[in-house]
K.L.:
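Following this message is one structure expressed as structure tokens.
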Protein chains: 2
Amino acid sequence: MQLMEAYAACMACPVRSNSFCDAVPMSDLDSLGKARRLIRFNRRQTIVCEGAPATALFSIVSGVVKLYRSLADGRTQITGFRFPGEFFAAPHSGRYTTTVEALTSVEACCFPRSRLNRLSQRFPEIQTNLIEMNHQHLAAAENQIFLLGRKTAREKVASFLLWYREKLDQEKISEDRRMSLPMTRTEVADFLGLTTETVSRVLTGLAREKMLAIDKSHSITLLDVASLRRASGL
Amino acid sequence: MQLMEAYAACMACPVRSNSFCDAVPMSDLDSLGKARRLIRFNRRQTIVCEGAPATALFSIVSGVVKLYRSLADGRTQITGFRFPGEFFAAPHSGRYTTTVEALTSVEACCFPRSRLNRLSQRFPEIQTNLIEMNHQHLAAAENQIFLLGRKTAREKVASFLLWYREKLDQEKISEDRRMSLPMTRTEVADFLGLTTETVSRVLTGLAREKMLAIDKSHSITLLDVASLRRASGL
DNA sequence: CGTGGTTTTGAGCCCGTTCAAGTATCGTGG
DNA sequence: CCACGATACTTGAACGGGCTCAAAACCACG
């Protein structure tokens, strides 16, 4: 039966306790399951488009997405990334404010606005969780604003690496000291307000100074976190 | 009586319909009034400090504030401004994420967290409003991220002027075509990720091109909005 | 009418960009 | 499994937008 499936899906959800779904008690997981639909996306696939009517909210089960805006002349700026447990596709006056694209293969729960509204009337703590997570996103945006406005290329790249390392540490088991970036050099550049060339140059520079090691481009090991922290401008 | 005063205060509040307080029905304005305390701040006065325990949320009745972060070496970045009807001092893991300072004389309602929580249990629509406004703040942050990461000095300044003009138009009666900036050149620079000198140079440049007129530095008239929009990179 | 702060203007420099070439990496089909 | 083409990454040389440093002009306030 569908009911059982929905219940089982949310019951077994690996990120429930990290997501806003945490507000729904175990006994009501079937209501939760019925409000959402699990969708899979491939790397490079666009999930929502900037400016389109905001019909749903997405909560990530696995994978990473980027949020970005771009101009007609090609200039692109990534405004943030979202990881498992986090949501995306916040509306402003009824429309999505950024385009969202999958960086890896992604599983996400799609909650149509209307159903989510009904659900959060039954479980008001959903709203509390959403507010809490919104504040986290805002704090992350403030970090990025400071970084973009006031940091040098070197500081930007060092900050980025330390930030991603921390994300990995709190998301999953920290694999080992090596970490593999799901984003390309261009995407790192579009996040940090730099060009691909500069990101590449700074990375090889930091590698020459033995703060990190690069193997196969996307696989990076942070060798000297203390020096990196100093290089990041705190 | 205190009760009457509180009731009268919120009853007469000029920004109630634009603030999250809108969620409280007229018949319950006394509960609202008792949850908050009206505080006045002078220009230049610090209202909350980055990193301090987040004990209250503030809603602006009149005036403008700036939110900013700064480093020990003096680098400062303004992450946003807040206007009448908007709130500030969002917490992240229990602490304020930015310092907030009054740009003009400011009247703000201070809501201690505990009272606000009790109030929003009685009136859940408060949470809905807070979420809505949070999304607006996030959208504003995304705008600024794009601006900081990908726009030229000229585009930044033009965008800023148009943005502020729009704010004025929707906040109050649009005075006339002249507008007076509540922020100094340094504050504009700290908002746009530039130096004071560059802001000044770009402004005189735009004035030479007859897109605007400057009288007394803080009083600016936008003469050619269409050209400015083109100069802002859309 | 001075005094301190803000704004403007000027000259020179530097960080990050641009343009261009060369190298590694990955996916695909033979 | 390898050859191939496409894409991503690195490296180099030269340019330029915005910064730095310095000084002059302007303004508000006593």
Side-chain angles (χ1 to χ4, degrees), chain A residues 42-45 66 71 73-78 101 103-105 147-161 180-209 212-220 231 233, chain B residues 42-44 66 71 73-77 103-104 147-161 180-209 212-220 231 233:
Chain A
N42 297 320
R43 174 174 171 76
R44 294 279 120 106
Q45 205 174 342
K66 64 173 175 181
L71 248 43
D73 62 14
R75 284 184 282 180
T76 297
Q77 176 67 44
I78 293 178
E101 191 183 301
L103 282 190
T104 62
S105 57
L147 176 146
L148 290 169
R150 293 304 181 204
K151 288 194 176 179
T152 65
R154 190 182 157 89
E155 291 173 331
K156 285 176 176 181
V157 173
S159 302
F160 170 75
L161 291 170
S180 85
L181 302 177
M183 54 290 274
T184 66
R185 293 286 184 273
T186 304
E187 283 163 337
V188 174
D190 285 345
F191 183 56
L192 300 178
L194 299 170
T195 58
T196 337
E197 295 93 325
T198 301
V199 171
S200 182
R201 269 186 263 269
V202 171
L203 277 174
T204 53
L206 294 174
R208 202 174 307 119
E209 299 178 53
L212 52 84
I214 308 175
D215 32 280
K216 291 166 78 226
S217 290
H218 284 239
S219 178
I220 292 183
Chain B
N42 297 321
R43 174 173 171 76
R44 293 277 123 105
K66 64 172 175 182
L71 249 42
D73 63 13
R75 284 182 283 181
T76 297
Q77 176 66 45
L103 281 190
T104 62
L147 176 145
L148 290 169
R150 293 304 182 205
K151 289 194 176 180
T152 64
R154 191 183 156 88
E155 290 172 331
K156 285 176 175 180
V157 173
S159 301
F160 169 75
L161 292 170
S180 85
L181 302 178
M183 54 290 274
T184 66
R185 293 285 185 273
T186 304
E187 283 164 335
V188 174
D190 285 344
F191 183 55
L192 300 178
L194 299 170
T195 58
T196 336
E197 295 94 324
T198 302
V199 171
S200 180
R201 269 187 262 269
V202 171
L203 278 174
T204 54
L206 293 174
R208 201 174 304 119
E209 298 177 54
L212 52 84
I214 308 175
D215 30 281
K216 291 166 75 225
S217 290
H218 285 237
S219 177
I220 293 183

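Order of the sequence lines sets the chain letters (A, B, ...), proteins ahead of strands, with each chain counted from 1.
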K.L.:
Does OP1 or OP2 of D/dC19 have a side-chain N or O of B/Thr198 closer than 4.0 Å?
P.N.:
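So the side-chain polar atoms of B/Thr198 do come within 4.0 Å of the phosphate oxygens OP1 or OP2 of D/dC19, strictly under.
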K.L.:
Determine whether B/Leu103 and B/Glu187 make a side-chain contact, defined as any pair of heavy atoms from C-beta on separated by less than 4.5 Å.
P.N.:
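They are in side-chain contact.
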K.L.:
For A/Lys156 and C/dT17, give me the distance from atom NZ to atom P, rounded to whole Å.
P.N.:
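Atom NZ in A/Lys156 sits about 7 Å away from atom P in C/dT17.
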K.L.:
Check whether B/Ser219 reaches the backbone of B/Ser217 with its side chain - one donor and one acceptor, N or O, closer than 3.5 Å.
P.N.:
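It does not hold such a pair.
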K.L.:
Check every strand shown and say whether A/Gly193 touches a base, only sugar-phosphate, or nothing at a heavy-atom separation below 4.0 Å.
P.N.:
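Here A/Gly193 touches the backbone only, sparing every base.
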K.L.:
Test of understanding: with side-chain contact (heavy atoms from CB on, under 4.5 Å), list the residues that count as partners of B/Asn42, not counting sequence neighbours.
P.N.:
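So B/Asn42 forms a side-chain contact (heavy atoms from CB on, under 4.5 Å) with B/Gln45.
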K.L.:
Is the side chain of A/Glu155 donor-acceptor paired with the backbone N or O of A/Ala231 at a distance under 3.5 Å, no angle test?
P.N.:
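Flag not set: sc A/Glu155 to bb A/Ala231 has no pair under 3.5 Å.
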K.L.:
Side-chain N or O of A/Thr204 versus OP1/OP2 of D/dT11: is the shortest distance under 4.0 Å?
P.N.:
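For A/Thr204, the contact criterion (side-chain N or O under 4.0 Å from OP1 or OP2 of D/dT11) is met.
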K.L.:
Strictly under 4.0 angstrom, non-hydrogen atoms only: write out the protein contact profile of nucleotides 21-30 of chain D, one letter per nucleotide from the 5' end, B, S or -.
P.N.:
B------S--
K.L.:
Indicate, with a heavy-atom threshold strictly under 4.0 Å, whether B/Thr196 touches base, sugar-phosphate, or nothing.
P.N.:
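Result for B/Thr196 = nothing.
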K.L.:
Give the rounded distance in Å between these two atoms: NE2 of A/His218 and P of D/dA8.
P.N.:
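It is 9 Å, rounded to the nearest whole Å.
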K.L.:
Is there a side-chain contact between B/Asp190 and B/Lys66 (heavy atoms, below 4.5 Å)?
P.N.:
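They are not in contact (no side-chain heavy atoms under 4.5 Å apart), so the answer is no.
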K.L.:
Please evaluate residues A/Leu148 and A/Gln77 with respect to the criterion side chain to side chain contact (heavy atoms under 4.5 Å, CB included), reporting the C-alpha separation (whole Å), side-chain torsions for both, the decisive distance (0.1 Å), and the verdict.
P.N.:
CA-CA 11 Å; A/Leu148 290 169; A/Gln77 176 67 44; 4.0 Å; yes
K.L.:
Just how far, in rounded Å, is P of C/dT17 from CG of A/Asp73?
P.N.:
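Atom-to-atom, A/Asp73 to C/dT17, this comes out as 15 Å.
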K.L.:
From CG of B/Leu206 over to P of C/dT9, roughly how many Å is that when rounded to an integer?
P.N.:
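Checked: the CG to P distance equals 13 Å.
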K.L.:
Counting the atoms with a prime plus P, OP1 and OP2 as sugar-phosphate, which does A/Arg44 contact under 4.0 Å by heavy atoms, base, sugar-phosphate, or nothing?
P.N.:
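Sugar-phosphate only.
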K.L.:
Would you kindly give the CZ-to-P distance between B/Arg150 and D/dG18, to the nearest whole Å?
P.N.:
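Taking atom P of D/dG18 as the reference, CZ of B/Arg150 is at 14 Å.
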K.L.:
In whole angstrom, what separates B/Leu192's CG from D/dG17's C1'?
P.N.:
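Atom-to-atom, B/Leu192 to D/dG17, this comes out as 16 Å.
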K.L.:
Tell me: CG of A/Leu181 to P of C/dT25, nearest whole Å?
P.N.:
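It works out to 15 Å between those atoms.
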K.L.:
If only atom types and distance count, is the side chain of B/Thr204 paired as donor or acceptor with the main-chain N or O of B/Val202 below 3.5 Å?
P.N.:
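It does not hold such a pair.
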K.L.:
May I have the distance from B/Leu203 (atom CG) to C/dT9 (atom P), rounded to whole angstrom?
P.N.:
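In whole Å, C/dT9 P and B/Leu203 CG are 10 Å from each other.
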K.L.:
Given that A/Arg154 and B/Ser200 both sit by DNA chain C, which one's nearest nucleotide is further toward the 5' end?
P.N.:
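The 5'-side residue here is B/Ser200.
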K.L.:
Judged by each residue's nearest nucleotide on DNA chain C, which is more toward the 5′ side, B/Thr184 or A/Thr152?
P.N.:
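Nearest-nucleotide comparison on DNA chain C picks B/Thr184.
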